Amino acid sequence: QVQLVESGGGLVQAGGSLRLSCAASGRTFISYVMSWFRQAPGKEREFVAAIRWSGGSTSYADSVKGRFTISRDNAKKTVYLQMNGLKPEDTAVYYCAARGGSYLYINSGEYDYWGQGTQVTVSS
């Protein structure tokens, strides 16, 4: 079984930065893909970024390219989402997700494990 625990959310002004963390436990993650999704009130959950645990290949949604960076620390079994240049439209609950394999899926239905989410609010 895999457990994912997110942290690092909060309230920030537009243009500011936050770093989200996702601590993973329960197994080794060499053959896993880790992703971040977000869900704003009244909207569907949407893909933000993904990283292949082995090798570190990444994928980003167009809306966050150049502003957000996903990374991982193998020793700490933690995935990070560095968010710079935040905009009010980035306000959402951010979720960490995991699945086996190496393909960087952007569909939330492809992921098997989810964290509880962390709220990010960007004020204008």
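If you read the sequence from its start, that first residue is 1, and numbering goes on from there. Small disclaimer: the values here were computed from a predicted structure and weren't measured.
Side-chain contact between Trp114 and Arg45: present, with at least one pair of heavy atoms (C-beta onward) separated by less than 4.5 Å. Residues Asn107 and Phe47 fail the side-chain proximity criterion, which asks for heavy atoms closer than 4.5 Å. Counting heavy atoms from C-beta on, the side chains of Tyr32 and Arg99 never come closer than 4.5 Å. Contact check for Glu46 versus Gln39: no side-chain heavy atoms found under the 4.5 Å cut-off. Considering only heavy atoms from C-beta on, Leu18 comes within 4.5 Å of Leu86 through its side chain. Put simply, the side chain of Arg38 reaches to within 4.5 Å of the side chain of Ser63, judged on heavy atoms. For the pair Phe68/Asn84, no side-chain contact is recorded, criterion being any heavy-atom separation below 4.5 Å from C-beta on. Two residues are said to be in side-chain contact when any heavy atoms from C-beta on lie closer than 4.5 Å; Leu20 and Val120 meet this criterion.
Counting non-hydrogen atoms of other residues, nucleotides and ligands closer than 6.0 Å to CG of Leu104 gives a total above 12.
Under the 30°/60° scheme for interplanar angles, the aromatic rings of Tyr105 and Tyr111 are found to stand perpendicular.
Side chains of Ser123 and Gln13: no donor on one and acceptor on the other come within 3.5 Å.
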### Stepwise salt bridge (charged side-chain N to carboxylate O under 4.0 Å, His left out) test for Lys87 and Asp90
CA-CA 5 Å; Lys87 304 175 182 180; Asp90 294 318; over 6 Å; no
### Message
Using side chain to side chain contact (heavy atoms under 4.5 Å, CB included), reason through Asn74 and Trp53 one step at a time and then give a plain yes or no.
### Response
CA-CA 8 Å; Asn74 290 346; Trp53 200 274; 3.1 Å; yes
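Not one N or O on the side chain of Gln116 forms a donor-acceptor pair closer than 3.5 Å with the backbone of Val5. Counting only distance, with no hydrogens or angles, the side chain of Arg67 and the backbone of Gly85 share a donor-acceptor pair below 3.5 Å.
Here the straight-line distance linking atom CD of Gln3 with atom OG of Ser25 works out to 4.0 Å at 0.5 Å rounding. Met83 CE to Tyr94 OH: the interatomic distance, rounded to the nearest 0.5 Å, is 5.5 Å. From Lys77, atom NZ reaches atom CE of Met34 across 10.0 Å, with rounding to the nearest 0.5 Å.
Test Ile51, Thr69, Val48 against Tyr60 for side-chain contact (heavy atoms from CB on, under 4.5 Å) and you get one pass: Thr69.
Taking every heavy atom of both residues into account, Ser21 and Thr78 meet most closely at CB-CG2, 4.2 Å.
Arg19 forms a cation-pi arrangement with Tyr80, by the criterion of a distance under 6.0 Å to the ring centre and an angle within 45° of the ring axis.
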